[in-house]
Amino acid sequence: MTLADSSTEVLAVPAERGACPFDPPPAYDRAREHDPVAPVRLFDGTTAWMLTRHQDVRAVLQDRRFSADATKAGFPFLSPGRRELATGSPTFIRMDDPEHARLRRMLTSDFIIKRVEEMRPQVRAIAVELLDAMTRGRDHADLVTEFALPLPSLVICLLLGVPYEDHAYFQKCSSTLLNANSSADQVHQAREDLNAYIKQLAESKRAGGDEDIIGRLMRREDLSPDEVATMGTLLLVAGHETTANMTSLSILTLLRDPEQMARLREDNSLIRGAVEELLRYLSIVHTGLPRVATEDVEVNGRTIRAGDGVLLMINTANRDSEAFPGADALDVGRDARRHLAFGFGVHQCLGQPLARAELQIALDVLLNGLPNLRLAVPFEQIPFRHDMLIYGVHRLPIAW
C-alpha cells in the first residue's frame with residue numbers, strides 16, 4: 001500500500017493519551033503491534049507515514065534517503081505554527097548535510113563530554129543553590145518554577161552569554177514557540193522577537209573578547225548576524241525546555257513508583273543508568289521526528305515514495321518490547337542505552353552530554369536533599385503538557 005491508496009485505517013495526529021499520562025497514546029501502541037508503518041492524517045488533510053517500531057525508527061534516522069529539510073515538498077507538519085517554526089527561519093536541525101554539518105561543527109566543542117565533565121562542579125553548585133533557596137523556611141514549592149526550569153536555564157545562559165535576568169522574556173517567547181496550539185502569526189512574532197533579542201546581544205559582543213558561544217560565533221567571518229541569532233535562539237530554547245521537563249516528569253514518575261525511588265536512594269550509582277531509563281520511558285519529544293523521503297524506500301514491507309512525509313515516533317519506539325523487554329515498566333536498573341530519546345544518526349541531539357549531566361545532578365541533589373519528598377496535591381490535579389511539543393508538566397507542587 002502507498003499513501004495514494006491509503007484512504008482507510010488512517011490515524012489521527014496527535015492522538016489522546018490513555019489512562020496513564022506517562023504512556024504513549026494507545027492508538028500508537030496498537031499501530032506498533034499491528035501496523036508499524038501506518039498512514040496518518042495531518043491537520044491540513046494531507047497524509048504521512050507514522051513509524052512506531054524501534055528498528056524502523058532507528059534505521060530511518062540514519063538513512064540519508066530521508067531528509068530533515070522542512071522546505072522540501074511533502075515534509076509533514078502538525079499545525080500551521082509548526083510549519084512556520086520549521087520554515088520561517090530554518091535552523092541547522094532543519095537542514096541536510098553539508099550545510100547542517102558545517103553549522104553543527106561550529107558548536108561541537110561546546111557540548112563534547114570532556115567539556116561537560118569540566119562543567120559538572122559548576123552545574124552541581126547551581127543545583128544545590130536552587131535547592132537551598134527553594135527549601136529555605138518553607139515546606140512546599142512548585143518544582144518546575146523553582147528548580148527544574150531555572151537549573152538548565154542558568155546553565156545555558158552561562159554557555160551562551162545570555163543574561164539570566166532576562167529569563168522571563170525568553171521563556172515566554174519559548175513557550176509560544178513550543179505550544180502546539182500557537183498560530184503561525186504567534187510563532188512568527190515570538191521567533192522574530194527572540195531572534196532580535198539574540199541579535200542585539202550578539203552585536204554588543206562583536207568588539208569584545210567574550211568567550212561564550214554567542215561571542216565566539218559573532219566573531220566568525222563565515223556567519224552573518226542573522227545566522228548567529230538563529231543558532232543562539234535554537235540553543236537557548238532547546239537548552240532549557242527539554243531538560244526542565246525531563247527533570248519534573250522524572251521526579252513525578254519516581255514519586256508514583258516508590259520502589260524505584262527507594263532503589264535510587266539506596267544506591268546512588270544507579271542514577272546514571274536511571275536517567276537513561278527515564279529518558280526511554282518518558283520520551284518527552286512526543287509528537288514524533290519529521291522527515292521526508294527523497295527516494296522510494298521500502299520500510300517493514302511498505303513502500304514509502306519519494307515526497308512522502310514520515311513521523312518517527314520515538315515514544316513508541318522506546319516502548320518496543322522487542323528492543324526493551326518489558327518496555328512498559330520502569331526499571332532503573334535496566335540497560336536502556338539504545339533508547340532514541342535524543343534521536344539517532346547525524347541529527348541526534350547535540351546537547352545530549354549536557355542534558356545527561358544536568359539530569360543526573362538534578363536527581364542526585366533532589367533525592368538526597370529531600371528525603372521526605374512527596375506530592376503536595378493529588379496526582380489527578382497535576383497539569384500535563386498535552387498542548388506542548390515537549391511533554392511534561394506545567395506545574396509540580398511538592399512538599400518535604
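Note that these values count all heavy atoms, side chains included, but never hydrogens, waters or copies made by symmetry.
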Check ion pair Glu33-Arg30 (N to O, under 4.0 angstrom) |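 Arg30 and Glu33: not salt-bridged.
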Salt-bridge criterion met for Asp320 and Arg53 (N-O under 4.0 Å) |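 Salt bridge: no.
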Using a distance-only test with no angle check, is there a side-chain donor-acceptor pair under 3.5 angstrom linking [X] and [Y]?
| X | Y | value |
| --- | --- | --- |
| Asn245 | Arg385 | yes |
| Asp267 | Ser269 | yes |
| Asn181 | Asp387 | no |
| Gln62 | Arg58 | no |

Within residues 232-289 or reaching into it, pairs that qualify as ring-ring contact (aromatic ring centres under 6.0 Å, His included) - sequence neighbours excluded =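 Applying ring-ring contact (aromatic ring centres under 6.0 Å, His included) to every pair that reaches into residues 232-289, excluding sequence neighbours, yields Phe170-His240, His286-Tyr391.
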Does any pair with a residue in residues 214-234 pass ring-ring contact (aromatic ring centres under 6.0 Å, His included), and if so which ones, sequence neighbours excluded?
->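 Found none.
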Between the main-chain N or O of [Y] and the side-chain N or O of [X], is there a donor-acceptor pair closer than 3.5 Å?
| X | Y | value |
| --- | --- | --- |
| Trp400 | Arg138 | yes |
| Tyr28 | Thr52 | no |
| Arg41 | Leu11 | no |
| Gln186 | Ser183 | yes |
| Arg280 | Ala327 | yes |
| Arg302 | Val37 | yes |
| Asn318 | Leu340 | yes |

According to the side chain to side chain donor-acceptor pair (under 3.5 Å) rule, which pairs have a member within residues 105-116, sequence neighbours left out?
->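 Counting only pairs at least two positions apart or across chains, the side chain to side chain donor-acceptor pair (under 3.5 Å) contacts touching residues 105-116 are Asp110-Arg216, Lys114-Glu118.
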Is there any side chain to side chain donor-acceptor pair (under 3.5 Å) pair reaching into residues 248-260, and which pairs are they, with sequence neighbours excluded?
->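 The answer is Gln260-Arg263.
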Please name all residues satisfying ring pair (Phe, Tyr, Trp, His ring centres under 6.0 Å) with His140, sequence neighbours left out, ordered by chain then number.
->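 By the ring pair (Phe, Tyr, Trp, His ring centres under 6.0 Å) rule, His140 matches no residue at all.
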Residues in ring pair (Phe, Tyr, Trp, His ring centres under 6.0 Å) with His100, at least two apart?
->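 Listed in chain order: His347.
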Specify the closest pair of heavy atoms between [X] and [Y], including all atoms of both residues, with the distance to one decimal.
| X | Y | result |
| --- | --- | --- |
| Pro76 | Gly309 | CD-CA, 3.8 Å |
| Asn368 | Pro371 | O-CD, 4.1 Å |
| Val292 | Gly74 | CG2-C, 3.8 Å |
| Pro397 | Asp142 | N-OD1, 4.2 Å |
| Glu146 | Leu130 | O-CD2, 4.0 Å |

So do [Y] and [X] actually touch side chain to side chain, heavy atoms under 4.5 Å?
| X | Y | result |
| --- | --- | --- |
| Met313 | Leu51 | no |
| Leu143 | Met134 | yes |
| Arg64 | Thr294 | no |

For residues 360-374, which residue pairs qualify under salt bridge (Lys or Arg N to Asp or Glu O under 4.0 Å), counting only residues two or more places apart or in two chains?
->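 Of all non-adjacent pairs touching residues 360-374, those that pass salt bridge (Lys or Arg N to Asp or Glu O under 4.0 Å) are Arg124-Asp364.
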Output all residues satisfying side chain to side chain contact (heavy atoms under 4.5 Å, CB included) with [X], sequence neighbours left out; order by chain, then residue number.
| X | answer |
| --- | --- |
| Asp335 | Arg337 |
| Thr46 | Leu42, Asp44 |
| Ala238 | none |
| Pro225 | Lys199, Glu203, Arg206, Met218 |

Under 6.0 Å between ring centres, would you say that holds for His54 and Phe324?
->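 Centroid separation for His54 and Phe324: below 6.0 Å.
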Under 3.5 Å, which donor-acceptor pairs link side chains of residues 158-168 to any protein atom two or more places apart or in another chain?
{"residue": "Asp166", "atom": "OD2", "partner": "Tyr197", "partner atom": "OH", "Å": "2.6"}
{"residue": "His167", "atom": "ND1", "partner": "Gln171", "partner atom": "OE1", "Å": "3.4"}

side-chain hydrogen bond (donor to acceptor under 3.5 Å, both in side chains) assessment of Asp69 paired with Thr71 = CA-CA 5 Å; Asp69 184 347; Thr71 65; 2.6 Å; yes
After noting the C-alpha distance and the side-chain angles of Leu370 and Thr135, does the key distance pass the side chain to side chain contact (heavy atoms under 4.5 Å, CB included) rule?
-> CA-CA 9 Å; Leu370 299 174; Thr135 57; 3.7 Å; yes
